[in-house]
Amino acid sequence: MFGQRMREIRLEKKLSISELSRRTKITKSYLSNIERNICTNPTIDIVQKIANGFGVHPAALLKWKENRKELQQSANNYSNDIKNTINTMNDEQLIELKGYVEIIEWKRKKLPINDLVKFI
């Protein structure tokens, strides 16, 4: 669980909840709720802030193992699945998919919300 891993790293680094809160600009109560698994689904932005507060890569918090060969194999499998699915879509479904892709690209760039209007 994310909360348990967060607590382990915090204790390893000898940080108090207050210090982590100061470093991350996340409230002590929210950090405590994450650690106690009351909040079990923090956003990726929260995960990134906590990782930055600890000075670690987010993967360390999520217990992701960086095995490039395995990741590449998974990516290739997903890529083939996506290609096969796209090949079976009609024009209406492809237009809808294009909209989703544009929203994802917008989120990655973190454009101002006004720029989203061009996608709608």
Side-chain angles (χ1 to χ4, degrees):
M1 302 279 271
F2 179 80
Q4 179 181 349
R5 181 66 180 143
M6 184 180 116
R7 181 176 171 79
E8 288 170 4
I9 294 174
R10 185 176 63 78
L11 295 175
E12 284 173 15
K13 296 194 174 278
K14 297 180 171 57
L15 294 175
S16 66
I17 288 278
S18 295
E19 177 60 19
L20 184 58
S21 175
R22 187 190 67 73
R23 289 181 180 194
T24 62
K25 307 289 190 256
I26 300 170
T27 65
K28 292 184 283 187
S29 62
Y30 188 62
L31 291 171
S32 177
N33 285 343
I34 292 172
E35 280 194 2
R36 293 180 292 136
N37 293 314
I38 293 170
C39 295
T40 58
N41 193 20
T43 66
I44 193 64
D45 289 337
I46 295 293
V47 172
Q48 183 67 53
K49 285 180 180 183
I50 294 169
N52 289 345
F54 286 143
V56 300
H57 190 278
L61 277 170
L62 300 170
K63 290 189 175 182
W64 290 342
K65 295 182 180 165
E66 294 188 2
N67 183 337
R68 291 198 179 272
K69 194 171 192 176
E70 187 177 306
L71 290 174
Q72 186 61 46
Q73 181 67 32
S74 293
N76 288 339
N77 290 341
Y78 290 137
S79 178
N80 289 333
D81 290 345
I82 291 168
K83 287 176 187 175
N84 291 334
T85 301
I86 289 172
N87 286 332
T88 65
M89 290 180 156
N90 62 34
D91 288 345
E92 185 178 323
Q93 291 169 320
L94 289 170
I95 290 168
E96 183 179 6
L97 177 63
K98 184 177 183 287
Y100 291 130
V101 169
E102 288 172 342
I103 289 170
I104 292 168
E105 289 172 343
W106 167 78
K107 284 177 69 177
R108 283 187 182 159
K109 293 177 187 175
K110 294 190 177 187
L111 295 173
I113 195 71
N114 293 339
D115 289 351
L116 182 61
V117 173
K118 72 179 184 179
F119 296 128
I120 299 175

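- Here the closest non-hydrogen pair linking Y30 and P42 is OH-CA, 3.9 Å.
- Here L11 contributes atom CG and K13 contributes atom NZ; the two are 12.0 Å apart, rounded to the nearest 0.5 Å.
- Pairing each heavy atom of T88 with each of T85, the nearest pair is OG1-O, 2.7 Å.
- A 4.5 Å side-chain heavy-atom check between I17 and R10 finds at least one atom pair inside the cut-off.
- Applying the side-chain hydrogen bond (donor to acceptor under 3.5 Å, both in side chains) test to R36 and every residue at least two apart in sequence or in another chain returns S32, N33.
- Counting only heavy atoms from C-beta outward, the side chains of F54 and M6 approach each other to under 4.5 Å.
- Partner of I46 under the side chain to side chain contact (heavy atoms under 4.5 Å, CB included) criterion, out of I26, T24, N41: I26 alone.
- L97 CG to I82 CD1: the interatomic distance, rounded to the nearest 0.5 Å, is 9.0 Å.
- Counting all heavy atoms, side chain and backbone alike, R23 lies closest to G53 at NH1-O, 2.9 Å.
- Listed by chain and residue number, nothing satisfies the side-chain hydrogen bond (donor to acceptor under 3.5 Å, both in side chains) test with N37 (two or more places apart in sequence, or in another chain).
- Within 6.0 Å of CG on D91 lie no more than 12 heavy atoms contributed by other residues, nucleotides or ligands.
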Requested in this report: I would like to know whether N90 and Q93 meet side-chain contact (heavy atoms from CB on, under 4.5 Å); could you show each step before the answer?
Outcome: CA-CA 5 Å; N90 62 34; Q93 291 169 320; 3.3 Å; yes
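- Atom CD of E92 sits in a sparse spot, with 12 or fewer heavy atoms from other residues, nucleotides or ligands closer than 6.0 Å.
- Between the CD atom of E105 and the OH atom of Y100 there is a distance of 15.5 Å, given to the nearest 0.5 Å.
- From R5, atom CZ reaches atom CZ of R7 across 13.5 Å, with rounding to the nearest 0.5 Å.
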